[in-house]
Colleague: 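Sharing a structure with you now.
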Amino acid sequence: MPDQPKWFQTTAIDYPNSRPHIGTAFEKVGADVQARYRRMEGYAVFFLMGNDENTVKVSKRAAELGQDTQAYCDGMARQFREVWDALDISYDTFIQTSSERHKACCRKFIQKVYDNGYIEKGSYEGWYCDGCEEFKSDKVHTENAGNCPTHRRPLVRRAEPCYLFKLSAFQDRLLAHYKANPDFIQPESRRNEMISLIETEGLRDVNISRTGEDWGIRVPFDPEFTIYVWFDALLTYITGIGYGDDEATFRRYWPADTHFIGKDITRFHCALWPAMLWAAGEEAPRKVFSHGFVNNNGQKMGKTLGNIVDPMEIIARSNADAYRYFFLRECPYPSDGDYSGQRYEEVYTTDLGNTYGNLLSRVVTVAAKSLGGVLPGTAGRPPEPVAAGFDPAALVDEVRGHVENCRYNQALAAVMQKVLYPANKYVDETKPFTVVKTDPAAASRILFNLTEPLRAASILLKPFIPRSAETVYAALSFAKPWADVRYADAASPEVPAADLRVTAELVDGKPRPLFPRLG
RNA sequence: CGCGGCGUGGAGCAGCCCGGUUAGCUCGCCAGGCUCAUAACCUGGAGGUCGUAGGUUCAAAUCCUACCGCCGCAACCA
């Protein structure tokens, strides 16, 4: 496919100073839906994730544990990938910023920015704490009466040489870029925030170097210094697709189609990052999507509160699809959402168990037990709609729009409300289980009509709950291979060449419950 | 005057950008039905001054203004 459109997306790369939690996972799950959707729609997708390791915090954490920093990072990367794999996150590559390749490519980029005149030597002065070994903001200084809040010691004024990236030089260009590209920052509220930030506060040059650190990437033109973590972390997005040593791949995928990030790091991605790229003569990414946060029982999650939830605990209780469904259905991706065990069970039972899974059971069981697993008289004919006035093409357009704009909760709501609820209602109205006793042909038609919402819903749900959707699709002898289905296939019914058959594995004449009740 | 978000029946949300049918959905509650299915499913019902006060309009949950209340960020914690 020479003209196949490409789709390059990334998530933020995580600090491996603690294990992933349901907040970090929220981002990956949302990004994964997009990646899976784009693959379905025929894009050549490249989905990049990774860990952000070149930071003092990581080396400190490793030291605390008495481990070699690199070994610690590798171990954490393994743990992160275990969680992402358990959630069926379909990333194509996972970058560790401590890898030699990343470092080498990173240096090339920085050298280029330096050669282009956007990095210059300067001096950074601020309030320094010897205990924390870091600078504190003026605000911390004034609010704590000149002391370090953690060490209760006076902060000292300290100046040190550094390298500054001339971010201020790009202020006007950034503003013009935001205005010329309304979709560059999503959702819109974040865009307004960034515009107002630049218009009111403006952008200052940023210190992109650190001294006295062993761990990290050396500044190529002055090895006394290491590169400040943000400047190196963002570069993952291009080193991960070949910047620096694989020009062809890089040119194929860059610019990124979407960077998925948390709302807290919007400014790094929307201001610093495009400016860095421009400084090196590259294009800005096409879109930055800032998602919301997940609370735990209405409370903010944090180490200090000790209320962090590990995704693996939830998966162990249910499964990856249920996990994905809950967060995507309950937490509006652009805004904040809330997790609670009770709500999780509620959503699981209602939508997945009672509505989707149970509909399959209702249809397949009757077909298997009373019609021998075949729906006679269905070859060569299209199913009839189960609800009057239902427009499948319009629904597909609606869901597609929601997915492309990351309104996942609304996409899922639409599938439930417009396809699956009406289908269950149709079963009650038409009573195929009664009809089958006197008029098997009529019952066959009713059941056949019901296979269509199952098929359509499964296609639309494929990016969200890939395993379950496949199980449902595979329960009936639909002609089109699962790997080939696209959203457009949900817009019009499939006409079977031969009578539709039940292909699900049956136990006692019934399919195994897709989403058994949580014990 | 730092920035931003939110306030819709008991709980959680959608609708608001592009004003216009009886304000929609899930859960919960009450009553009934059904029995194919995962104690499931369907129907009906109670319950809402759409934060408050003004304004624009033939018409406002929806647009404008002011105010009240809650929350987040800014300050390592995604």
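All chains are named by letter (A, B, ...) in the order of the sequence lines, taking the proteins before the strands, and each is independently numbered beginning at 1. Note that these values count all heavy atoms, side chains included, but never hydrogens, waters or copies made by symmetry.
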Colleague: Rounded to whole angstrom units, what separation is found between the CG atom of A/Leu454 and the P atom of B/C36?
Modeller: 19 Å
Colleague: Can you check nucleotides 14-21 of chain B for protein contacts, nitrogen or oxygen pairs under 3.5 Å, and list what you find?
Modeller:
none

Colleague: Nearest to the side chain of A/Val427, which nucleotide is it out of B/A78, B/C41, B/C36?
Modeller: B/C36
Colleague: Would you please name every residue forming a side-chain hydrogen bond (donor to acceptor under 3.5 Å, both in side chains) with A/Gln417, sequence neighbours left out?
Modeller: none
Colleague: Base, backbone or nothing for each nucleotide of nucleotides 25-35 of chain B, written B, S, -, heavy atoms under 4.0 angstrom, 5' to 3'?
Modeller: SSS-----B-S
Colleague: Please list all pairs passing the salt bridge (Lys or Arg N to Asp or Glu O under 4.0 Å) test where one or both residues lie in residues 305-321 of chain A, with sequence neighbours left out.
Modeller: A/Arg19-A/Asp310
Colleague: For A/Asp232, what residues pass the salt bridge (charged side-chain N to carboxylate O under 4.0 Å, His left out) criterion, not counting sequence neighbours?
Modeller: none
Colleague: Judged by atom type as modelled, is there a donor-acceptor pair below 3.5 Å linking the side chain of A/Asp351 to the main-chain atoms of A/Val347?
Modeller: no
Colleague: Could you list all the salt bridge (Lys or Arg N to Asp or Glu O under 4.0 Å) pairs where at least one residue sits in residues 330-348 of chain A, not counting sequence neighbours?
Modeller: A/Lys263-A/Asp336, A/Glu330-A/Arg343, A/Arg343-A/Glu346
Colleague: Among residues two or more places apart or on two chains, list those pairs meeting ring pair (Phe, Tyr, Trp, His ring centres under 6.0 Å) that have a residue in residues 411-453 of chain A.
Modeller: none
Colleague: Could you tell me whether A/Asp508 and A/Lys369 have a side-chain N and a carboxylate O separated by less than 4.0 Å?
Modeller: no
Colleague: When you check the phosphate oxygens OP1 and OP2 of B/A78, does a side-chain N or O of A/His21 lie under 4.0 Å from one of them?
Modeller: yes
Colleague: Can you check the A/Asn424 CG to B/U38 C1' distance for me, whole Å?
Modeller: 12 Å
Colleague: So which pairs with a foot in residues 441-454 of chain A pass salt bridge (Lys or Arg N to Asp or Glu O under 4.0 Å), sequence neighbours left out?
Modeller: A/Glu452-A/Arg455
Colleague: I need the NZ-P distance between A/Lys57 and B/A78, as an integer number of Å.
Modeller: 10 Å
Colleague: Rounded to the nearest angstrom, tell me the gap between atom CD in A/Gln342 and atom C1' in B/G10.
Modeller: 13 Å
Colleague: A/Lys510 side chain N/O closer than 4.0 Å to the phosphate oxygens (OP1, OP2) of B/U38?
Modeller: yes
Colleague: Backbone N or O of A/Gly377 within a donor-acceptor pair of the A/Asp499 side chain at under 3.5 Å?
Modeller: yes
Colleague: Counting a pair only when it is Watson-Crick or G-U and both distances are under 3.5 Å, which runs of at least 3 such pairs involve RNA chain B?
Modeller: B:2-7 with B:68-73, B:10-13 with B:24-27, B:29-33 with B:41-45, B:51-55 with B:63-67
Colleague: Just jot down the ring pair (Phe, Tyr, Trp, His ring centres under 6.0 Å) partners of A/Phe326, sequence neighbours excluded, or say none.
Modeller: A/Tyr339, A/Tyr344
Colleague: Are more than 12 heavy atoms from other residues, nucleotides or ligands located less than 6.0 Å from atom CD of A/Glu64?
Modeller: yes
Colleague: In terms of the angle between their ring planes, are A/Trp273 and A/Tyr237 parallel, tilted or perpendicular, with boundaries placed at 30° and 60°?
Modeller: perpendicular
Colleague: What orientation do A/Tyr333 and A/Tyr408 show, parallel under 30°, tilted 30 to 60°, or perpendicular over 60°?
Modeller: tilted
Colleague: Report the residue (A/Asp336 or A/Pro513) whose heavy-atom-nearest nucleotide on RNA chain B is the more 5′ of the two.
Modeller: A/Pro513
Colleague: Closer than 4.0 Å, any side-chain N/O of A/Lys425 to the OP1 or OP2 of B/U43?
Modeller: yes
Colleague: Scan for salt bridge (Lys or Arg N to Asp or Glu O under 4.0 Å) pairs involving residues 399-424 of chain A, sequence neighbours excluded, and state none if there are none.
Modeller: A/Glu41-A/Arg400, A/Glu398-A/Lys418
Colleague: Which ones in residues 360-375 of chain A lie close to RNA chain B, meaning a heavy atom under 4.0 Å from one of its atoms?
Modeller: A/Ser361, A/Arg362, A/Thr365, A/Val366, A/Lys369
